[in-house]
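First comes the structure, then the notes that go with it.
As a basis for the values below, the full set of heavy atoms in this structure was taken, side chains included, without hydrogen atoms, waters or symmetry mates. It should be emphasised that the depicted structure is a prediction, and the values quoted were computed from it without experimental measurement.
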Amino acid sequence: MKKIESIPSGSYVGYYWMSDTVDPVVVQNTDSSAAARINSILSSENANPFVIEGQLYDEKSKISVSIKYVDGHYILNRYDVEENIEDVDQRKQSSIVLKRYVANRMPGLKLRFLQYWREQPDPLCCGMPVLQPAEKVFVGFEPLKESEK
């Protein structure tokens, strides 16, 4: 994870949620101007409406960007995804899990996240290392199955 000042250019999928709307704006990778549009909103000081939150993923460059608005300031985090998502889904990685969540107000979509786990010494286990949840990184959408609708 690396804190960044602006979203790198790319072909993103994901969403961002404006403070004056009830539904998020869904970004498809066909919209190459999404990063520039969001950066314009993020750079406007004291802008209203503002981006409450956002999750973007560029599959080609394997960059995931998280946007949070906290106490009047944006927190942008960049994650470079090195893992193959299909390998993670087939549980070939023991410390990474692919999580899927039905998207709120984005009909027909599930959000996909990589949940990373890190070894940490645990004083309740005589200092032995145990896995603790770490980053949760957005890696795109997948459609809802017909049985889930």
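Distance check: Y12 OH to Y57 OH gives 11.0 Å after rounding to the nearest 0.5 Å. A distance of 12.0 Å separates CD1 of I67 from CD1 of I75, quoted to the nearest 0.5 Å. Going from atom CD1 of I52 over to atom NZ of K68 covers 11.0 Å, rounded to the nearest 0.5 Å. With rounding to the nearest 0.5 angstrom, the OG atom of S11 is 11.0 Å from the CG atom of L56. With rounding to the nearest 0.5 Å, the separation of OH in Y116 from CD in E83 is 3.5 Å. The NZ atom of K136 sits 10.5 Å away from atom CG of L111, with the distance rounded to the nearest 0.5 Å.
Residues M128 and P121 have side chains not in contact (no heavy-atom distance under 4.5 Å, counting atoms from C-beta outward). At least one side-chain heavy atom of V22 sits under 4.5 Å from a side-chain heavy atom of R105. Residues K2 and N77 are not in side-chain contact: their nearest non-hydrogen atoms beyond the backbone lie 4.5 Å or more apart. A 4.5 Å side-chain heavy-atom check between D80 and M1 finds every atom pair outside the cut-off. Using a 4.5 Å cut-off on side-chain heavy atoms (C-beta onward), R78 and S64 make no contact. Contact of the Q132 side chain with the R118 side chain is not registered, since no non-hydrogen atoms from C-beta on lie closer than 4.5 Å. Contact check for I63 versus Y79: no side-chain heavy atoms found under the 4.5 Å cut-off. Inter-residue side-chain proximity for R112 and L98 is flagged as met; some heavy-atom pair is nearer than 4.5 Å.
L144 and M106 fall into different hydrophobic clusters, where Ile, Leu, Val, Met, Phe, Trp and Tyr are joined by side-chain heavy atoms under 4.5 Å apart, directly or via other members. Residues V26 and V13 fall within the same hydrophobic cluster, defined by Ile, Leu, Val, Met, Phe, Trp and Tyr side chains chained together at heavy-atom separations under 4.5 Å. Y16 and I4 fall within the same hydrophobic cluster, where Ile, Leu, Val, Met, Phe, Trp and Tyr residues are linked whenever their side-chain heavy atoms come under 4.5 Å apart, directly or through other members. Side-chain heavy atoms closer than 4.5 Å link hydrophobic residues (I, L, V, M, F, W, Y) into clusters, and following such links, possibly through other members, connects V27 to I41. Taken together through direct or relayed side-chain contacts under 4.5 Å among Ile, Leu, Val, Met, Phe, Trp and Tyr, V70 and L42 form parts of separate hydrophobic clusters.
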Q: Could you walk me through whether M18 and V51 pass the side chain to side chain contact (heavy atoms under 4.5 Å, CB included) test, one step at a time?
A: CA-CA 4 Å; M18 299 299 294; V51 177; 3.6 Å; yes
Q: I would like to know whether Y69 and F50 meet ring pair (Phe, Tyr, Trp, His ring centres under 6.0 Å); could you show each step before the answer?
A: CA-CA 8 Å; Y69 189 78; F50 54 90; 4.2 Å; yes
Q | Full working for side chain to side chain contact (heavy atoms under 4.5 Å, CB included) between F138 and V65 | A | CA-CA 8 Å; F138 178 74; V65 177; over 6 Å; no
Q: Please assess K62 against E82 for the test salt bridge (Lys or Arg N to Asp or Glu O under 4.0 Å), listing each intermediate value before the final yes or no.
A: CA-CA 7 Å; K62 296 186 132 191; E82 298 173 4; over 6 Å; no
**Q.** Steps toward side chain to side chain contact (heavy atoms under 4.5 Å, CB included) verdict (L76, K3)
**A.** CA-CA 6 Å; L76 276 74; K3 292 202 181 295; over 6 Å; no
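A donor-acceptor pair is defined here as one N or O able to donate and one able to accept, closer than 3.5 Å; no such pair exists between the side chain of T21 and the backbone of W17. Checking side-chain atoms of N39 against main-chain N and O of I7 turns up a donor-acceptor pair under 3.5 Å. Panel note: side chain S19, backbone P49; no donor-acceptor pair is recorded below 3.5 Å.
Salt-bridge annotation for K99 and D89: absent, with no side-chain N of the basic residue lying under 4.0 Å from a carboxylate O of the acidic one.
For Q115, the CD atom counts as densely surrounded, since its 6.0 Å shell holds more than 12 non-hydrogen atoms of other residues, nucleotides or ligands.
Looking at E5 and Y74, their side chains never bring a donor and an acceptor atom within 3.5 Å of each other. Under 3.5 Å, the side chains of E53 and Y15 contain a donor-acceptor pair of N or O atoms.
Here the closest heavy-atom approach between residue V81 and residue V139 is recorded as CG2-CG1, 4.2 Å.
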